[in-house]
Amino acid sequence: MSIALIAPYESLAYLCRSICQEMGFNVPVHTASMEDGLRLAKSLMAEGVDFLISRGMTAELIRAECPIPVAELEVSSFDIYLCLEPLLKRNMRIGVVGHSDILRKAKGASAALGFSIDFYAAGQPETMGKIMEQARRQNIEAIAGDAVAAETARRYGMEGVLVENGADSVTNTLQYAVATHVYLTRQATMSSRLQVVLDRMDGGALLASPTGELRHCNAAVRAMLEENQNCAETTLDELFPELDWRAVPEGRAETVRALIPVKDSKLSVNVTAHVHEGQTDALICTFHDIQQIEQLEHSFRKSAAPDLPTARHTFETIVHNSPAMQHCITRAKQFSSTHSSILLVGETGTGKELFAQSIHNHSPRAQGNFVAINCGALPEDLLESELFGYVGGAFTGALKSGKAGMFELAHNGTLFLDEINATSPKLQTRLLRTLQEREVMRVGSTAVIPVNVRVIAATNAPLEAEVNAGRFRADLFYRLNVLDIRIPPLRERPEDILLLFGIFLERFSAELNRSTPAVTDVVRRQLLAHPWPGNVRELQNYAEKFSILYPEEAALSSPEARQAQPEVFHNAKASADGWHAPLPAAGGRAPYVAQPAREVAPDAPGKAWLLLEGTLDHITRAVIQQIVQEEGGNLSKAARRLDISRNTLRRKLEEGR
């Protein structure tokens with residue numbers, strides 16, 4: 001941004017250059033008059049000049065044609081007196097031609113000094129001839145004015161005198177022009193920065209007159225306009241035909257808020273008044289896309305609970321061979337595309353949460369949160385506060401800031417309620433209301449919070465029987481049981497048993513840094529014959545135990561291998577056709593106790609010991625302690641026998657203390 005000066009005549013240009021140099025002003029000075037001055041001004045604008053200084057008719061032409069500020073080199077009353085004094089001494093009849101500022105100052109000088117002068121207001125350059133004819137008819141002998149007036153007067157036979165600018169008036173004008181340019185530059189910079197801020201807003205913002213004409217707008221508003229449509233040529237009625245914005249300037253409302261359909265979306269529009277000295281002088285209108293608001297809300301909800309578990313599983317991760325399980329997956333995929341509630345029915349360990357996560361990831365809500373809670377694992381009061389949230393101070397121990405409930409965290413996502421059959425009648429009532437009204441009320445609050453949640457409930461007991469027994473509300477059952485999937489137990493899909501067992505065995509063997517043991521035919525028959533009341537979870541636990549206790553099961557069929565590895569042999573059970581590990585009983589414990597080594601294999605070296613009963617952790621610790629004892633406390637030898645590192649062995653021993 002820069003400033004330049006166009007002087008109509010060379011002596012003025014010389015004076016201006018001298019003063020600019022003396023004052024330290026970086027203002028280029030050019031010489032041109034009238035149309036030449038206008039052409040020069042336009043050329044300077046194209047080069048980036050945004051502020052001009054000129055004089056008289058030249059300044060008027062530039063101001064009329066160029067959309068930038070133009071400061072005029074004004075003459076002072078003293079400048080006019082210096083010009084008129086020689087004419088007055090000669091007793092000539094004088095006329096002054098000029099615009100309003102020159103005439104005003106000339107009249108002031110005339111009145112103060114008591115001499116008589118005629119005054120002629122100058123208009124456009126083409127009117128100058130008529131002014132001179134009038135002055136000549138009135139016997140004017142000399143004309144004082146700008147360069148155009150003086151030159152024209154001479155052509156009409158009168159004496160023409162140029163009213164020149166004095167050093168003081170030029171200095172004052174230059175100081176004013178430079179200060180004004182600095183101010184305007186700062187304002188333009190600030191306005192540009194504000195425009196950048198407005199343009200980067202997620203929503204739209206505009207300023208309109210009280211009658212609805214747009215005065216200023218940001219990028220979001222401009223994007224709504226038609227191609228080649230100017231913001232200043234648009235009205236609020238054109239932008240929002242359905243909006244009653246006139247209620248604000250007419251005093252019927254302080255603020256107008258409305259949801260307005262625009263193209264393929266809905267906008268939340270807000271109109272308020274800007275009041276100056278008690279009068280509405282402008283309207284401020286802002287709007288946001290509803291989808292953007294929902295996305296922002298979703299981000300806030302996610303940031304409020306950064307530790308929420310994610311839905312890791314998909315239908316592709318459900319390992320199966322059985323037609324029964326494939327039928328469940330096909331049905332679940334069909335249900336995924338809806339927003340209806342789903343009830344998963346299945347025994348413990350059948351994979352109900354696996355299905356819930358897969359449904360979520362296959363649904364339109366996949367980008368939302370997946371929030372899961374086991375209703376049977378928490379006391380009633382705690383479960384209520386976890387589901388619905390609470391306000392600060394709602395109960396002893398409550399966070400001062402309050403806490404969002406799981407319904408809020410699952411907004412636009414999925415809430416998985418496991419063991420829904422374990423909920424109390426009181427909680428069932430709250431759940432029913434939330435599902436019906438799609439809103440929650442935090443514990444200790446009266447404010448309602450709208451939520452958009454897809455509920456997947458799971459039960460390990462038939463809910464119809466719970467309803468008939470009076471332990472579960474029938475209306476809640478029907479609300480949850482819109483779509484239902486029964487996940488078959490493992491005993492009803494034997495095609496999956498060996499497949500899952502093999503996968504679990506590979507996983508646990510890899511974690512133990514061991515090769516995967518082979519499974520004998522006897523073990524396979526036992527796996528298929530077992531009822532698996534704990535379903536997949538029980539099968540997984542048994543695979544982990546098998547990988548720990550029987551790492552070399554594949555070698556147990558040969559006497560040479562049994563002789564070479566008596567410890568493994570001592571933990572196996574003899575049968576007519578091979579060696580195999582004991583399966584757990586229906587309760588999940590292993591009742592079988594191995595026979596002493598001398599009875600099972602008299603030729604086997606090493607000390608005989610028994611396979612203990614109990615949980616997997618108990619058995620593992622007992623085996624480790626027995627081997628350490630047999631090795632006389634030598635941890636290195638014991639670690640090699642267990643095929644684990646010495647640090648891992650030491651850690652497991654410390655965990656057992």
Side-chain angles (χ1 to χ4, degrees), residues 311 324 327-348 350-360 362-365 368-378 380-381 383-389 405-443 448-489:
H327 173 73
C328 289
I329 293 174
T330 301
R331 192 169 189 177
K333 286 182 177 179
Q334 293 173 331
F335 292 169
S336 297
S337 61
T338 73
H339 295 279
S340 303
S341 299
I342 296 178
L343 181 63
L344 302 176
V345 182
E347 296 178 4
T348 298
T350 52
K352 295 185 289 296
E353 183 164 354
L354 189 67
F355 266 83
Q357 291 187 18
S358 300
I359 290 171
H360 171 79
H362 200 71
S363 74
R365 298 172 177 267
N369 288 336
F370 176 85
V371 183
I373 187 170
N374 189 319
C375 301
L378 299 175
E380 178 182 321
D381 291 341
L383 180 59
E384 182 181 28
S385 64
E386 287 294 312
L387 283 174
F388 304 106
M406 291 193 167
F407 269 100
E408 292 180 57
L409 298 177
H411 181 67
N412 287 336
T414 303
L415 176 60
F416 176 54
L417 302 175
D418 199 7
E419 295 191 30
I420 189 70
N421 51 299
T423 54
S424 67
K426 173 188 173 184
L427 204 57
Q428 291 173 27
T429 301
R430 287 206 66 176
L431 282 172
L432 177 63
R433 177 172 178 79
T434 300
L435 294 177
Q436 288 176 335
E437 304 299 330
R438 294 186 175 274
E439 60 187 24
V440 296
M441 188 182 297
R442 291 187 180 184
V443 176
V448 294
I449 302 172
V451 291
N452 177 15
V453 175
R454 201 254 188 94
V455 172
I456 301 178
T459 175
N460 53 23
L463 281 189
E464 296 94 330
E466 297 294 303
V467 171
N468 294 333
R471 292 188 293 269
F472 201 86
R473 294 184 60 124
D475 44 8
L476 178 57
F477 168 68
Y478 294 124
R479 175 67 66 174
L480 294 172
N481 194 36
V482 178
L483 305 172
D484 66 294
I485 299 173
R486 179 185 176 272
I487 304 175

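Of the listed residues (Ile485, Leu354, Leu483, Thr414), just one forms a side-chain contact (heavy atoms from CB on, under 4.5 Å) with Ile359, and that residue is Ile485.
Annotation: side chain of Pro462 is not in contact with side chain of Val345 (no heavy-atom distance under 4.5 Å). Looking at Ile373 and Leu383, their side chains come closer than 4.5 Å, going by heavy atoms from C-beta outward. Residues Arg331 and Phe355 form no side-chain contact, since every pair of their non-hydrogen atoms from C-beta on lies 4.5 Å or further apart.
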- prompt: Could you walk me through whether Phe477 and Leu343 pass the side chain to side chain contact (heavy atoms under 4.5 Å, CB included) check?
  reply: CA-CA 9 Å; Phe477 168 68; Leu343 181 63; 4.1 Å; yes

- request: Determine, step by step, whether Arg479 and Arg473 satisfy the side chain to side chain contact (heavy atoms under 4.5 Å, CB included) criterion, reporting the C-alpha distance in whole Å, the side-chain angles of both residues, the deciding distance to 0.1 Å, and the verdict.
  value: CA-CA 10 Å; Arg479 175 67 66 174; Arg473 294 184 60 124; over 6 Å; no

query: After noting the C-alpha distance and the side-chain angles of Phe388 and Leu427, does the key distance pass the side chain to side chain contact (heavy atoms under 4.5 Å, CB included) rule?
result: CA-CA 10 Å; Phe388 304 106; Leu427 204 57; 3.8 Å; yes

- request: For the pair Val455 and Phe407, evaluate side chain to side chain contact (heavy atoms under 4.5 Å, CB included) and give the outcome as yes or no after the intermediate values.
  value: CA-CA 9 Å; Val455 172; Phe407 269 100; 4.2 Å; yes

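When all heavy atoms are compared, the tightest approach of Leu409 to Asn369 is O-ND2, 2.7 Å. Taking all atoms of both residues into account, the shortest heavy-atom contact from Glu347 to Pro489 is OE1-CB, 3.6 Å. When all heavy atoms of Arg438 and Asn452 are compared, the pair lying nearest together is NH1-OD1, 3.9 Å. The shortest non-hydrogen separation linking Pro364 to Ser336 is CD-O, 3.6 Å. Pairing each heavy atom of Val482 with each of Ser340, the nearest pair is CG1-CB, 3.8 Å. Here the shortest heavy-atom pairing between Gln428 and Thr423 reads NE2-O, 2.9 Å.
Remark: the His360 side chain and the Arg454 side chain contain no N/O donor-acceptor pair separated by less than 3.5 Å.
Rounding to the nearest 0.5 Å gives a distance of 11.0 Å between CZ of Phe416 and CD1 of Ile342. To the nearest 0.5 Å, atoms CD (Glu466) and CD1 (Ile420) are separated by 11.5 Å. Here the OG1 atom belonging to Thr459 is positioned 10.0 Å from the CG atom belonging to Leu480, to the nearest 0.5 angstrom. Expressed to the nearest 0.5 Å, how far CD of Glu437 lies from CG of Leu432 amounts to 9.0 Å. Atom CG in Leu387 sits 6.0 Å away from atom CG in Leu417 (nearest 0.5 Å). One distance of note links NZ of Lys333 with OG1 of Thr330; it measures 6.5 Å at 0.5 Å rounding.
Applying the side-chain hydrogen bond (donor to acceptor under 3.5 Å, both in side chains) criterion to Ser424, with sequence neighbours excluded, gives Glu380.
Arg430 places a side-chain N or O within donor-acceptor distance of the main-chain N or O of Met441, the cut-off being under 3.5 Å.
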